[in-house]
A.B. asks: 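First the structure, which I've put down as structure tokens, then a few questions once you've had a look.
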Amino acid sequence: TNLRDGKWNLSPEKKVNHGWDKLVDTWIECIPTIGDKIPSAYRIWQSSNRYLKAGMLDRADRCERLNYLFHNSYVPASLELEGEVIFAYGGIGVILHKDAEIAPGVTIGANVTIGGNGSKTRIDQRVNKLTTVPKICALTVIGAGANITGGIEIGPLSIIAPNTVVIKSVPAGSIIAGAPGKEIGRVTIENALRYKAKFLPARSWSEEKYMTFVKENLSV
């Protein structure tokens, strides 16, 4: 049996003598057998969000804790994602603010923080109110260890290099690196095919579909 069947092997195959640490061994016995797939942070968030909307607050809270245990991540149940977001390596060390606005097709690397502070504000059009939390537009790639904070907007098709600190809005197609982040390059209509493989969802797209998206989201 395995997780895909919805079954957990909660007991070891043979009796274990608690010779080292009863607390640790108790947790070990609750972990599925080797080979069972650990759900990604995104998949766990999906369940937490569904349970929250169904009014099953205890199960939503348990999902949040599960993300912490499995991935050392905080992905709150109340976070609203418009579509699938890719968490690299399953979502290790990711911290997302509950009011973050993250579009479909965004890739979030390990140990990324998307948080809020009072230095910048923008209008969250979902609720028509000022917010100090970022908006990440479609097909953006956020490298491992990056930190994006404040009421700023990261335009679509942007690439945020690993360990970059972004505290200001950047236009579509920006390639940002450093602390604080500065533009080091640009994705344009002319060079977009060179960057196609960087955008994980676009890897399976035809060149025609990809270029249509590029032209719709990048200014000439």
Side-chain angles (χ1 to χ4, degrees), residues 38-160 162-170 172 174 176 179-181 200-201:
I38 298 296
S40 69
Y42 176 78
R43 189 166 177 174
I44 296 172
W45 166 81
Q46 280 185 308
S47 288
S48 68
N49 187 255
R50 290 166 179 164
Y51 282 127
L52 181 68
K53 290 178 177 178
M56 303 174 72
L57 304 186
D58 179 67
R59 293 190 73 83
D61 183 65
R62 286 170 184 258
C63 285
E64 289 186 359
R65 295 186 186 190
L66 197 63
N67 247 335
Y68 178 77
L69 289 171
F70 281 171
H71 303 292
N72 195 33
S73 293
Y74 177 65
V75 187
S78 57
L79 175 70
E80 290 294 341
L81 299 177
E82 300 174 23
E84 185 170 6
V85 171
I86 298 172
F87 290 83
Y89 301 102
I92 300 170
V94 171
I95 300 175
L96 303 180
H97 193 286
K98 65 180 180 63
D99 295 327
E101 192 172 351
I102 304 174
V106 169
T107 299
I108 299 176
N111 299 308
V112 163
T113 297
I114 299 177
N117 63 36
S119 62
K120 299 287 183 180
T121 59
R122 66 177 179 87
I123 296 292
D124 186 338
Q125 295 182 347
R126 298 172 300 179
V127 292
N128 197 31
K129 291 182 179 179
L130 281 176
T131 182
T132 59
V133 181
K135 175 179 181 179
I136 315 295
C137 294
L139 227 61
T140 287
V141 177
I142 306 173
N147 189 311
I148 303 174
T149 56
I152 63 176
E153 181 171 334
I154 308 300
L157 289 156
S158 292
I159 300 173
I160 310 300
N163 300 314
T164 296
V165 178
V166 188
I167 56 175
K168 295 181 180 179
S169 294
V170 300
S174 297
I176 308 295
L200 298 187

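Residue numbers count from 1 along this sequence.
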A.B. asks: Using side-chain contact (heavy atoms from CB on, under 4.5 Å) as the criterion, list what pairs up with I92, not counting sequence neighbours.
C.D. replies: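 Residues passing side-chain contact (heavy atoms from CB on, under 4.5 Å) with I92: Y89, A110.
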A.B. asks: Please list, chain by chain and in numerical order, all residues satisfying side-chain contact (heavy atoms from CB on, under 4.5 Å) with E84, sequence neighbours excluded.
C.D. replies: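 Expected list: Y42.
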A.B. asks: Do any side-chain atoms of residues 143-155 form donor-acceptor pairs under 3.5 angstrom with protein atoms, and if so which ones, sequence neighbours left out?
C.D. replies:
residue : atom : partner : partner atom : Å
T149    : OG1  : N117    : ND2          : 3.3

A.B. asks: Run the salt bridge (Lys or Arg N to Asp or Glu O under 4.0 Å) test against K53 and tell me which residues pass, sequence neighbours left out.
C.D. replies: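 Result, salt bridge (Lys or Arg N to Asp or Glu O under 4.0 Å) vs K53: E80.
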A.B. asks: Quick one: which residue pairs count as a salt bridge (Lys or Arg N to Asp or Glu O under 4.0 Å) with a foot in residues 102-113, not counting sequence neighbours?
C.D. replies: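 As it turns out, there is no salt bridge (Lys or Arg N to Asp or Glu O under 4.0 Å) pair with a partner in residues 102-113 once direct neighbours are skipped.
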A.B. asks: P156: which residues meet the side-chain contact (heavy atoms from CB on, under 4.5 Å) condition with it, sequence neighbours left out?
C.D. replies: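 By the side-chain contact (heavy atoms from CB on, under 4.5 Å) rule, P156 matches C137, A172, N217.
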A.B. asks: Would you mind reporting whether Y74 and P76 have side-chain heavy atoms less than 4.5 Å apart?
C.D. replies: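 Yes, side chains in contact.
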A.B. asks: Quick one: does any side-chain atom of H97 pair with a main-chain N or O of T113 as donor and acceptor, under 3.5 Å?
C.D. replies: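 A pair under 3.5 Å: no.
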A.B. asks: Any heavy-atom pair between the side chains of I159 and T140 that's under 4.5 Å?
C.D. replies: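 Side chain of T140 against side chain of I159, heavy atoms only: no contact under 4.5 Å found.
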A.B. asks: Does the side chain of I102 come within less than 4.5 Å of I108's, by heavy atoms?
C.D. replies: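 SC-SC contact between I108 and I102 confirmed.
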A.B. asks: With sequence neighbours excluded, what pairs up with D124 under the salt bridge (Lys or Arg N to Asp or Glu O under 4.0 Å) test?
C.D. replies: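 With neighbours one apart ignored, the set is R126.
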A.B. asks: Taking side-chain contact (heavy atoms from CB on, under 4.5 Å) as the test, write out the residues that go with I86, two or more places apart.
C.D. replies: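 Result, side-chain contact (heavy atoms from CB on, under 4.5 Å) vs I86: T107, L200, P201.
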A.B. asks: To the nearest 0.5 Å, tell me how far K129 NZ sits from D99 CG.
C.D. replies: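 With rounding to 0.5 Å, NZ (K129) is 10.0 Å from CG (D99).
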A.B. asks: Where the side chain of S73 meets the backbone of V94, is there a donor-acceptor pair that is under 3.5 Å apart?
C.D. replies: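 A pair under 3.5 Å: yes.
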A.B. asks: Heavy atoms, side chains only, cut-off 4.5 Å: are P104 and V85 in contact?
C.D. replies: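 Result no, sub-4.5 Å side-chain heavy-atom pair not found.
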A.B. asks: Would you list the atom pairs, donor with acceptor, under 3.5 Å between side chains in residues 59-70 and any protein atom, with sequence neighbours excluded?
C.D. replies:
residue : atom : partner : partner atom : Å
R59     : NE   : Y51     : OH           : 3.2
D61     : OD2  : R65     : NE           : 3.1
D61     : OD2  : R65     : NH2          : 3.3
R62     : NE   : D58     : OD2          : 2.8
E64     : OE2  : A77     : N            : 2.7
N67     : ND2  : A41     : O            : 3.2

A.B. asks: If you compare all heavy atoms of V133 against all heavy atoms of R122, which two are closest, and at what distance to 0.1 Å?
C.D. replies: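 Taking V133 first and R122 second, the nearest heavy atoms are O-NE, 2.9 Å.
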A.B. asks: Does the side chain of T131 reach to within under 4.5 Å of the side chain of E101, using non-hydrogen atoms?
C.D. replies: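 Side chain of T131 against side chain of E101, heavy atoms only: no contact under 4.5 Å found.
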A.B. asks: What is the minimum heavy-atom distance between S174 and I176, and which atoms define it?
C.D. replies: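 Closest approach of S174 to I176: CB-CD1, 3.8 Å.
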A.B. asks: Under the criterion side chain to side chain contact (heavy atoms under 4.5 Å, CB included), I'd like the reasoning laid out for I44 against H71: C-alpha separation, chi angles, the key distance, then a yes or no.
C.D. replies: CA-CA 10 Å; I44 296 172; H71 303 292; 4.1 Å; yes
A.B. asks: Nearest 0.5 Å please: distance from the CD1 atom of I114 over to the CD1 atom of I160.
C.D. replies: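 Here the rounded value is 10.0 Å.
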